[in-house]
Amino acid sequence: MATRIERVVTSGRFRLDGGTWDVDNNVWIVGDDHEAVVIDAAHDADAVLAALGDRRLTAIVCTHAHNDHIDAAPALADATGATIWLHPDDLPLWRMTHPDREPDAHLVDGQVIEVAGADLTVLHTPGHAPGAVCLYEPGLGVLFTGDTLFQGGPGATGRSYSHFPTIIDSIRDRLLTLPPETKVLTGHGDPTTIGAEVPHLQEWIARGH
């Protein structure tokens, strides 16, 4: 059964440091006709459940714990029995949104999450958030970057728990070394490729944010 990737776009609000912003999030579903994992359960558990259909959801992988990427995770887990995975460095952010519910399991750099013949390798890429991770699947030629890398540059680092030099190190050392044809599937907006972003690293550093 062929592994496929589906995108569900959900809308809601991102809240941090006393501010609120309307956002559209990409929820990624990786799987086949029988089982799947969800990357970033954002805003609308019912929309994700509708896209899953009768497939078995084995895991909800959080690329980081900003509220707009995790707000629907408990409801989705309760509806499906899936395990919520988060890097432990993002627990302080998680607890801002879900003070009464811990993630079920902790992501570790280098860990492989298997689903439907796909092997999603966890890359710890701090900067946008301390526990930010990307998921790399070389067989499919894809990298799920959450809010670490977008078309046009790094994720934002102007708020609490973020750090610009750290995100640059993560992108340069962990992501831009991947094959240039690798498709980058982001937490918001349109996809890009590693090759399209590599030439712009020095511009981002010079810009400094």
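Residues Phe144 and Val133 have side chains not in contact (no heavy-atom distance under 4.5 Å, counting atoms from C-beta outward).
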CA sep, side-chain torsions, deciding dist, call: Tyr136, Leu120, side chain to side chain contact (heavy atoms under 4.5 Å, CB included): CA-CA 5 Å; Tyr136 178 49; Leu120 298 165; over 6 Å; no

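Every residue two or more places apart in sequence or in another chain was checked for a salt bridge (charged side-chain N to carboxylate O under 4.0 Å, His left out) with Asp17, and none qualifies. Taking the salt bridge (charged side-chain N to carboxylate O under 4.0 Å, His left out) definition, one finds that Arg7 meets it with nothing, sequence neighbours left out. Annotation: side-chain hydrogen bond (donor to acceptor under 3.5 Å, both in side chains) contacts of Thr166 (sequence neighbours excluded): His163. Arg15 is linked by a side-chain hydrogen bond (donor to acceptor under 3.5 Å, both in side chains) to nothing, counting only residues two or more places apart in sequence or in another chain. With sequence neighbours excluded, no residue satisfies side-chain hydrogen bond (donor to acceptor under 3.5 Å, both in side chains) with His98. In this structure, the side-chain hydrogen bond (donor to acceptor under 3.5 Å, both in side chains) partners of Thr192, at least two apart in sequence or on a different chain, are Glu197.
Pairs passing the ring pair (Phe, Tyr, Trp, His ring centres under 6.0 Å) check and including a residue from residues 115-134, sequence neighbours excluded, read His64-His128, His66-His128, His87-His124. Counting only residues at least two apart or on different chains, the side chain to side chain donor-acceptor pair (under 3.5 Å) pairs with a member in residues 37-61 are Glu6-Arg55, Asn25-His43, Glu35-Arg56, Asp40-Thr63, Asp40-His69, His43-Asp71. Pairs passing the side chain to side chain donor-acceptor pair (under 3.5 Å) check and including a residue from residues 99-111, sequence neighbours excluded, read Asp78-Arg101, Arg95-Glu102, Asp109-Arg174. For residues 148-158, no pair satisfies salt bridge (Lys or Arg N to Asp or Glu O under 4.0 Å), with sequence neighbours left out. A salt bridge (Lys or Arg N to Asp or Glu O under 4.0 Å) check over residues 135-160, counting only residues at least two apart or in different chains, returns nothing.
Note: the hydrophobic cluster containing Leu123 does not contain Leu140 (ILVMFWY, side chain heavy atoms under 4.5 Å, direct or indirect links). Cluster annotation: Ile5 is not connected to Ile194 through the hydrophobic network of ILVMFWY side chains, with a link wherever side-chain heavy atoms come within less than 4.5 Å.
Pairing each heavy atom of Thr10 with each of Ala42, the nearest pair is OG1-O, 2.7 Å.
Judged purely by atom type and a 3.5 angstrom limit, His188 has no side-chain atom pairing as donor or acceptor with the backbone of Val23. Panel note: side chain Asp119, backbone Val112; no donor-acceptor pair is recorded below 3.5 Å. At least one donor-acceptor pair under 3.5 Å links the side chain of Thr193 to the backbone N or O of Ala196.
Clustering of Ile, Leu, Val, Met, Phe, Trp and Tyr by side-chain heavy atoms under 4.5 Å joins Leu49 with Val8, Val27, Ile29, Val38, Val48, Leu52, Leu57, Ile60, Ile70, Leu76, Ile84, Leu86, Leu91, Trp94.
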